[in-house]
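Data first, discussion second: the structure below is written as structure tokens.
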Amino acid sequence: MSKTVKELADELGVSKQTIRYHYRNIPAKYVVKGKDGVIRIDPIAEGIIRNKVVNNRHKNTGK
């Protein structure tokens, strides 16, 4: 099931802006805007974003 930007941001402990930054580079077929205007992120895109956030966190903290 796809998640909203807020749900993914809360789960990863980052801001919504961080998630938006990363999904801008994700192919459009993985990002769906619902009828209610809420952006939903496909599970494949979620995995890509999750990896980017985790890798960036490790790079910045050295862990």
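- Here the options are Val38, Ile19, Asp10, the test is side-chain contact (heavy atoms from CB on, under 4.5 Å), and the partner is Thr4; only Val38 passes.
- Closest non-hydrogen pair, Val5 versus Lys16, comes out as CG1-O, 3.7 Å.
- Here the OG-CD1 distance, from Ser2 to Ile41, works out to 9.0 Å after rounding to the nearest 0.5 Å.
- Closest approach of Tyr21 and Arg24 over heavy atoms only: CD1-NH2, 2.7 Å.
- Here the CD-CD1 distance, from Glu46 to Ile48, works out to 10.5 Å after rounding to the nearest 0.5 Å.
- Here the CD1 atom belonging to Ile49 is positioned 4.5 Å from the CD1 atom belonging to Ile26, to the nearest 0.5 angstrom.
- A heavy-atom distance below 4.5 Å is found between the side chains of Leu12 and Arg50.
- When side chains are defined from C-beta on, Asn25 counts as touching Lys52, because their heavy atoms get closer than 4.5 Å.
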Practice item. Give the intermediate values and the outcome of side chain to side chain contact (heavy atoms under 4.5 Å, CB included) for residues Glu7 and Arg40. Key: CA-CA 10 Å; Glu7 289 170 341; Arg40 297 210 166 260; 4.3 Å; yes

Exercise for review: Under the side chain to side chain contact (heavy atoms under 4.5 Å, CB included) rule, what do Leu8 and Tyr23 come out as? Steps first, then yes or no, please.
Suggested key: CA-CA 11 Å; Leu8 186 55; Tyr23 86 66; over 6 Å; no

